[in-house]
Structure formats: structure tokens, C-alpha cells
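The structure appears below as C-alpha cells.
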Amino acid sequence: MSEDLFLKIIAREIPADIVYETDSVLAFKDINPQAPLHVLIIPKTHIRTINDIQLEHAGLLGEMFRAAASIARDNGYADDGYRVVMNCNEAAGQTVFHIHLHLLAGRDLSWPPG
Ligand code: AMP
């Protein structure tokens with residue numbers, strides 16, 4: 001999958017169902033949802049994997065988690081619960097190399113994950 005896919009969504013070169021946006025963060029529905037609510041939260045800055053996160057990104061990461069909580073709350077899942085996941089590299093299932101939080105809600109989520 002293209003390294004630039006999410007940059008193209010940010011640039012509106014590829015359509016997406018955008019649910020949340022600030023100057024630094026964008027969130028849109030996953031094209032292949034794994035739960036009734038499955039949203040991807042991405043930074044507008046390109047960061048390839050968790051391994052590339054620097055201390056200067058701390059505020060940005062905080063914004064991404066606040067966005068996840070806000071979207072979960074707006075969809076009525078704050079009290080029942082939801083899951084936020086970020087995969088790193090191939091063994092964990094990362095296919096798009098621009099960091100993204102998966103926000104999953106609306107069904108029972110088993111643990112440990114597969
Ligand atoms: P990961 O496997 O953790 O890298 O997650 C990548 C996610 O991006 C997958 O859940 C895909 O379904 C999702 N995805 C891929 N292309 C698109 C797209 N064009 N719009 C929305 N979600 C996408």
C-alpha cells in the first residue's frame with residue numbers, strides 16, 4: 001500500500017469519510033471497518049511508524065488521543081468503552097506507513113487481540 005495514501009487523504013486527493021479535523025489531526029472512517037465504529041486518527045505530519053516518534057511529537061500524540069476520546073464520546077461509546085490501537089511494522093499488521101490510531105467501538109472486543 002502506498003506510503004503516501006494518508007497524505008493524499010489529507011490533501012483531499014483521495015476521498016474519505018472525514019469525521020474530525022483540526023490544524024494538526026485528521027480522523028476518517030476506516031474503509032474496511034472491523035467494528036460498528038472504526039475510525040482512523042492520523043497526524044497531518046508524516047511520521048512513518050511508532051519507532052519514528054520524537055519527544056517533539058508528544059503534544060501531537062496527545063491531540064490524537066484526545067480526538068479518539070472526543071469521537072468515541074460523540075458516538076455514545078465513552079461509558080460502555082472502546083479500544084484504541086496503533087500497529088507498528090509488518091509483524092503487528094501495519095500496512096499504511098503513516099502512524100494512525102484505530103478507534104474501535106460498538107461490539108465486544110476480545111482480549112488478547114489476535
Ligand atoms: P494498519 O493495518 O494498522 O496499517 O491500518 C491501515 C488501515 O487503513 C486498515 O484498517 C485499512 O482498512 C485502512 N485503509 C486503507 N485504505 C484506506 C482508505 N483509502 N480510506 C480509509 N481507510 C483505509
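Quick note: numbers below take in every heavy atom, side chains included, and nothing from hydrogens, waters or symmetry partners. Note that ligands are numbered from 1 as they come in the structure, with each ligand's atoms numbered from 1 the same way.
- Taking both residues in full, the closest heavy atoms of Y77 and G106 are given as CE2-CA, 3.4 Å, listed atom of the first, atom of the second, then distance.
- Contact atoms of ligand 1 toward N32: 12 (O) (distance under 4.0 Å to a heavy atom of the residue).
- If you number the atoms of ligand 1 from 1 as listed, the ones under 4.0 Å from a heavy atom of L40 come out as 7 (C), 8 (O), 13 (C), 22 (N).
- Listed here is the closest heavy atom pair of L5 and V96: CD2-CG2, 4.1 Å.
- At under 3.5 Å, a nitrogen or oxygen of V96, whether backbone or side chain, sits near a nitrogen or oxygen of ligand 1.
- For atom 21 (C) of ligand 1, the choice among I99, I42, I31 with the nearest heavy atom turns out to be I31.
- Scanning both residues, R48 and Q94, for their nearest heavy atoms gives O-NE2, 3.1 Å.
- Summarising the local packing, CG of D108 is surrounded by 12 or fewer heavy atoms from other residues, nucleotides or ligands at distances under 6.0 Å.
- Using a non-hydrogen distance threshold of 4.0 Å, G93 registers as a contact of ligand 1.
- Of all the heavy atoms of N87, the ones lying under 4.0 Å from any atom of ligand 1 belong exclusively to the side chain.
- The atoms of ligand 1 that sit less than 4.0 Å from any heavy atom of H100 are 1 (P), 3 (O), 4 (O), 5 (O), 6 (C).
- With a 4.0 Å heavy-atom cut-off, ligand 1 is reached by no atom of M86.
- Taking a cut-off of under 4.0 Å to the non-hydrogen atoms of F6, the atoms of ligand 1 that pass are 8 (O).
- Placement of I53 and V84 within a single hydrophobic cluster is found when ILVMFWY residues are connected by side-chain heavy-atom separations under 4.5 Å, directly or transitively.
- With D30, I14, N89 as candidates, the residue nearest to atom 12 (O) of ligand 1 on a non-hydrogen basis is D30.
- With a 4.0 Å heavy-atom cut-off, ligand 1 is reached by the backbone of K29 but not by any atom from C-beta on.
- The nearest pair of heavy atoms linking Y20 to A67 is CE2-CB, 3.5 Å.
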Full working for side chain to side chain contact (heavy atoms under 4.5 Å, CB included) between F28 and V39: CA-CA 5 Å; F28 50 91; V39 170; 6.0 Å; no
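- Under the 4.0 angstrom criterion for non-hydrogen atoms, H102 is in contact with ligand 1.
- In this structure, H98 has its ring center no closer than 6.0 Å to that of H100.
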